[in-house]
Amino acid sequence: MSVDRTLRHVKAIITGAKYLFSGPRMTIMYPDEIEDLPDGYRGMIEYDWNTCIKCSLCAMICPADAIKMYISKEESEKEKKTVKRPGINYARCIFCGFCVDICPTNSLKFSKIHDIAYYTYDEHVLPPEKFAEGIKPMYKGRKVRAILDERRGIKYEPVD
Ligand code: SF4
Ligand code: SF4
């Protein structure tokens, strides 16, 4: 290895060590700290049972096959015809927003939740009834927000 390359390696190591021991950190202490996400953040999709008109547009537009129409047994029996509602597979969703954009009744919305973990693949698949129950954050850590730090780039401060 040339002297020049060695010196550059040493310089890189010194730079890394300098930032390792000097605050503020650019990482947050998740899950004790949770980032306060901005409006418009594309988290896991939520579904409003009451406003949905069962048009199927969301299932048709979804490029990842994450949304599918499921037969709603109770409603089908009541209305004496096949009634379908959307369910979601969170493992397939790519957060593109096509379903949110196309829904004529705003029944689908992005939440700010992105970090729900499931034990099995099947648990990611929510039929309409479960989809409509909504999702809750797994952790309730202290909220922090990212701010620009001239020296480090980004740092986090608590949200009041
Ligand atoms: S955000 Fe995109 S991938 Fe996810 S369910 Fe909607 S259309 Fe499908
Ligand atoms: S969620 Fe919206 S797009 Fe999907 S079936 Fe219901 S009304 Fe139609």
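Heavy-atom basis, side chains included; hydrogens, waters and symmetry copies ignored. Whatever order the structure lists ligands and atoms in, that order sets their numbers, starting from 1.
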Asker: Mind checking what makes side chain to side chain donor-acceptor pair (under 3.5 Å) contact with E157, not counting sequence neighbours?
Answerer: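 For E157 the side chain to side chain donor-acceptor pair (under 3.5 Å) partners, ignoring immediate neighbours, are R145.
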Asker: Just the protein N/O/S atoms under 2.8 Å from atom 2 (Fe) of ligand 2, please, no waters.
Answerer: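 Sorted hits: C103 SG.
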Asker: For residues E33 and R142, report the shortest heavy-atom separation together with the two atoms involved.
Answerer: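 Reported closest heavy-atom pair: OE2-NH2, 2.8 Å.
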Asker: Which residue and non-hydrogen atom of the protein lie closest to atom 1 (S) of ligand 1, and at what distance in Å?
Answerer: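 Looking only at protein heavy atoms, the one closest to atom 1 (S) of ligand 1 is G97 N, 3.2 Å.
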Asker: Have a look at ligand 1 and work out which part of I67, if any, has a heavy atom under 4.0 Å from it: side chain, backbone, both or neither.
Answerer: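 The answer is the side chain of I67.
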Asker: Check ligand 1 against P63 and write out every atom of the ligand that is under 4.0 Å from a heavy-atom position of the residue.
Answerer: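 Here the atoms of ligand 1 in question are 7 (S).
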Asker: Measuring from atom CD of E133 to atom NZ of K130, what distance do you get when rounded to the nearest 0.5 angstrom?
Answerer: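 Spacing of CD (E133) from NZ (K130) equals 4.5 Å.
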Asker: Just checking, any donor-acceptor pair under 3.5 angstrom between side chains of S107 and T51?
Answerer: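 The criterion, which ignores hydrogens and geometry beyond distance, is satisfied for T51 and S107.
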Asker: Verify the distance criterion only: is there a donor paired with an acceptor across the side chains of Y139 and D115 at less than 3.5 Å?
Answerer: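 Their side chains do not contain a donor-acceptor pair, so the 3.5 Å distance test is not met.
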Asker: In the protein, what heavy atom is nearest to atom 8 (Fe) of ligand 1, and what distance, to one decimal place, separates them?
Answerer: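 It is C62 SG, 2.3 Å.
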Asker: F95 heavy atoms, cut-off 4.0 Å: which ligand 1 atoms fall inside?
Answerer: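 Once the distances to F95 are compared, the set is 1 (S), 4 (Fe).
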Asker: Without hydrogens or angle criteria, can the side chains of Y121 and N89 be said to hold a donor-acceptor pair below 3.5 Å?
Answerer: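 The answer is yes; a qualifying pair exists.
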Asker: Can you pull out the closest protein heavy atom to atom 2 (Fe) of ligand 1? Residue, atom name and distance to 0.1 Å, please.
Answerer: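 Answer for atom 2 (Fe) of ligand 1: C96 SG, 2.3 Å.
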Asker: Any idea which protein heavy atom is nearest atom 3 (S) of ligand 1, and the distance to it?
Answerer: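 Looking only at protein heavy atoms, the one closest to atom 3 (S) of ligand 1 is I94 N, 3.3 Å.
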Asker: Record the part of K54 in heavy-atom contact with ligand 2 below 4.0 Å; permitted values are side chain, backbone, both and neither.
Answerer: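 K54 to ligand 2: backbone contact only, side chain stays beyond 4.0 Å.
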Asker: Aromatic ring centroids of Y90 and H124 under 6.0 Å?
Answerer: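 Ring centroids of Y90 and H124 are no less than 6.0 Å from each other.
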Asker: Run the salt-bridge test on R85 and E75 with the 4.0 Å N-O cut-off and return the result as yes or no.
Answerer: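 E75 and R85: salt-bridged.
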Asker: Step through it carefully: locate the ring centre of H114, locate the ring centre of Y41, and say whether they are under 6.0 Å apart.
Answerer: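 So the answer is yes for these two rings.
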Asker: Using a cut-off of strictly less than 2.8 Å, determine whether C93 has an N/O/S atom near atom 8 (Fe) of ligand 1.
Answerer: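 Given the 2.8 Å cut-off, C93 does not count as a ligand of atom 8 (Fe) of ligand 1.
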Asker: So do D48 and F131 actually touch side chain to side chain, heavy atoms under 4.5 Å?
Answerer: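 They are not in contact (no side-chain heavy atoms under 4.5 Å apart), so the answer is no.
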